[in-house]
Number of protein chains: 2
Amino acid sequence: MCQLLGMNCNVPTDICFSFEGFAKRGGETDEHKDGWGISFFEGKGCRTFMDVQPSAHSVVSDLVKRYPIHSMNVIAHIRKASVGAVKLENTHPFNRELWGEYWVFAHNGDLFGYDPILTGCYRPVGTTDSERAFCVILEHLRARFTERPPIEKICSAIREKAQEIAQEGTFNFLLSNGEIMIAHCSTELHYLIRQHPFDTAVLKDLDVTVDFQQVTTPSDCVAVIATEPLTENETWIKIEPGQCMVFRNGSVAECYKD
Amino acid sequence: MCQLLGMNCNVPTDICFSFEGFAKRGGETDEHKDGWGISFFEGKGCRTFMDVQPSAHSVVSDLVKRYPIHSMNVIAHIRKASVGAVKLENTHPFNRELWGEYWVFAHNGDLFGYDPILTGCYRPVGTTDSERAFCVILEHLRARFTERPPIEKICSAIREKAQEIAQEGTFNFLLSNGEIMIAHCSTELHYLIRQHPFDTAVLKDLDVTVDFQQVTTPSDCVAVIATEPLTENETWIKIEPGQCMVFRNGSVAECYKD
């Protein structure tokens with residue numbers, strides 16, 4: 001299996017604190033050492049840092065830990081390979097363009113034997129079940145809508161297809177277009193919202209503490225989503241299996257609720 | 001305008017030497033300071049490092065300079081913005097998937113007023129003429145072939161469309177799918193092939209020399225393509241305006257010649 005980390009906020013924020021803890025799980029405090037990646041949306045643009053080396057021992061992840069990139073939507077992934085060899089093309093997150101927006105996807109789980117026929121624009125470059133499922137979702141959106149619809153309709157269509165794919169195995173994922181973050185839980189996924197009054201947070205995987213009150217303003221809202229909680233002193237909410245949540249501006253987007 | 005740098009080889013090779021000189025032109029020895037990017041193919045996979053900061057002063061480019069990534073196809077770009085603001089989404093190289101392969105593109109030139117109608121799968125995320133032209137090329141390939149044809153046919157189709165787009169302005173570009181590197185010249189583009197017997201190379205933009213004989217084997221072939229020659233002691237060949245060259249395994253691919 002793998003682990004997921006996502007961040008969605010109402011103001012560009014860096015993820016160095018969370019990523020530092022998360023990256024330890026890629027080869028030190030846990031076994032997800034078959035590559036890692038992190039995608040940052042900056043406006044409409046998106047850049048991804050990735051490596052087949054374990055995140056705990058990667059020169060590239062060292063850069064990400066110490067170089068604060070401010071973003072409103074971030075998806076990160078540490079891999080424990082199940083379907084698909086350890087190669088760059090099998091490293092998440094995956095990125096495709098649809099309707100002039102980048103869509104970024106990362107998956108935790110197994111869809112053994114999931115081999116749908118793809119007849120549209122999107123084909124996997126690698127050999128993972130994850131990338132294939134991502135292509136299926138995008139193909140579904142393109143087939144369903146002739147042009148880019150309002151975001152609520154996109155979310156509904158994604159939710160519908162996610163529930164279908166989830167029948168095939170374990171389908172925890174994060175998906176973002178830089179505007180919203182979709183979090184789908186099959187088995188394990190948690191989240192929390194940090195907002196005023198901010199407090200101190202203590203990482204589980206290494207001895208690092210941050211006082212968020214010192215680095216935020218009272219109007220900031222930051223949602224963090226992770227397979228396994230990253231901090232030991234905060235209350236993480238478990239997302240129920242089968243639930244598909246949408247985050248926007250650092251909060252749960254009520255109008256897109258299941 | 002901007003500058004391009006490409007490398008195509010028959011064995012995975014690092015580009016640290018060339019990139020070190022090239023990156024100086026993004027804000028120190030030249031004025032291409034409106035962002036930069038570099039894409040490395042590693043097998044079928046591709047990863048891009050990019051920044052809106054000038055390449056001469058970017059923490060990310062510092063990593064690329066000192067972290068040898070071995071690749072058979074690399075495309076890099078340093079930008080001097082003409083069409084499109086300085087934003088991440090306007091930073092080259094651009095990347096799209098077609099027929100289960102990543103295609104990477106970078107452009108030097110201006111296509112002022114070039115505003116073709118795009119009706120297919122690919123839409124620009126940013127506002128550059130460059131990304132738009134890239135979408136046109138990919139849309140042309142998709143419309144022309146119902147499934148992925150042999151690489152010679154892809155090259156012919158790209159050459160045909162490139163000549164058409166070049167009527168609209170200045171269209172120097174590099175385009176690669178990790179197998180071949182296409183170099184199209186409108187105004188300025190040079191190349192050289194390094195092969196046995198290897199020699200010493202001296203960068204123009206900073207005081208760095210490398211003896212390639214120490215770091216290669218006799219069967220290695222490395223093609224380097226650049227807007228402006230990067231070394232002062234080697235013979236660079238000027239690509240003629242209007243010429244579209246294809247490189248494969250570090251050599252000019254004769255069978256795809258104009």
Side-chain angles (χ1 to χ4, degrees), chain A residues 35 37 39-53 58-64 66-69 71 84-91 94-103 118-128 131-132 134-135 138-139 142 146-148 177-178, chain B residues 35 37 39-53 58-64 66-69 71 84-91 94-103 118-128 131-132 134-135 138-139 142 146-148 177-178:
Chain A
S39 295
F40 297 87
F41 279 93
E42 293 163 77
K44 294 198 73 179
C46 184
R47 55 177 163 168
T48 298
F49 297 85
M50 56 171 39
D51 203 358
V52 293
Q53 299 304 316
S58 158
V59 171
V60 185
S61 75
D62 286 345
L63 171 71
V64 174
R66 55 183 170 75
Y67 177 49
I69 293 172
S71 173
V86 178
K87 294 184 176 186
L88 190 68
E89 61 263 36
N90 292 335
T91 305
F94 302 100
N95 179 315
R96 293 291 192 280
E97 174 257 315
L98 168 61
W99 299 315
E101 292 175 322
Y102 291 123
W103 284 83
L118 288 160
T119 57
C121 297
Y122 301 102
R123 301 297 160 86
V125 176
T127 53
T128 63
E131 193 187 9
R132 186 164 282 276
F134 180 37
C135 290
L138 294 174
E139 213 173 89
R142 203 181 265 286
T146 48
E147 56 182 38
R148 206 264 199 202
N177 68 338
Chain B
S39 295
F40 298 88
F41 278 92
E42 294 162 77
K44 294 198 73 179
C46 184
R47 54 177 163 168
T48 299
F49 297 85
M50 57 169 41
D51 203 359
V52 294
Q53 298 304 315
S58 159
V59 170
V60 184
S61 76
D62 286 345
L63 171 72
V64 175
R66 56 184 169 76
Y67 177 49
I69 293 173
S71 173
V86 178
K87 293 184 174 187
L88 190 68
E89 60 264 34
N90 292 335
T91 305
F94 301 100
N95 180 314
R96 293 292 192 279
E97 174 259 315
L98 168 61
W99 300 313
E101 293 175 321
Y102 291 123
W103 285 83
L118 289 161
T119 56
C121 296
Y122 301 102
R123 301 296 160 87
V125 176
T127 53
T128 63
E131 193 187 8
R132 186 164 282 275
F134 180 37
C135 291
L138 294 174
E139 212 172 89
R142 204 181 265 287
T146 47
E147 57 182 39
R148 205 265 199 200
N177 68 338

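Numbers restart at 1 for each chain; the letters A, B, ... are given by sequence-line order, proteins then strands. Keep in mind that the numbers below use all heavy atoms, side chains included, and drop hydrogens, waters and symmetry copies.
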When rounded to the nearest 0.5 Å, the distance separating CG of B/Leu88 from OH of A/Tyr102 is 8.0 Å
Is it true that atom NZ of B/Lys44 has more than 12 heavy atoms of other residues, nucleotides or ligands lying nearer than 6.0 Å? yes
Considering all heavy atoms, the nearest B/Arg47-A/Met50 contact: NH1-O, 2.7 Å
Could you report the tightest heavy-atom contact between A/Trp99 and B/Arg123, atom names first, then the distance? C-CB, 4.3 Å
A/Ser39: which residues meet the side-chain hydrogen bond (donor to acceptor under 3.5 Å, both in side chains) condition with it, sequence neighbours left out? A/Thr48
Got a sec, which residues hit ring-ring contact (aromatic ring centres under 6.0 Å, His included) with A/Tyr122, two or more places apart in sequence or on another chain? none
What part of B/Asp51 gets within 4.5 angstrom of chain A, counting heavy atoms only: side chain, backbone, both, or neither? both
So, the part of A/Cys46 with a heavy atom under 4.5 Å from chain B: the answer is backbone
With a 4.5 Å limit on heavy-atom distance, are the side chains of B/Val52 and A/Glu42 in contact? no
As an exercise: rank B/Thr91, B/Leu63, B/Asp62 by heavy-atom pairs under 4.5 Å with chain A and give me the winner. B/Leu63
Measure the spacing between CG of A/Leu138 and SG of B/Cys121 and express it to the nearest 0.5 Å. 11.0 Å
Count the heavy-atom pairs under 4.5 Å between each of A/Arg96, A/Glu97, A/Arg142, A/Glu101 and chain B, then report the option with the highest count. A/Glu97
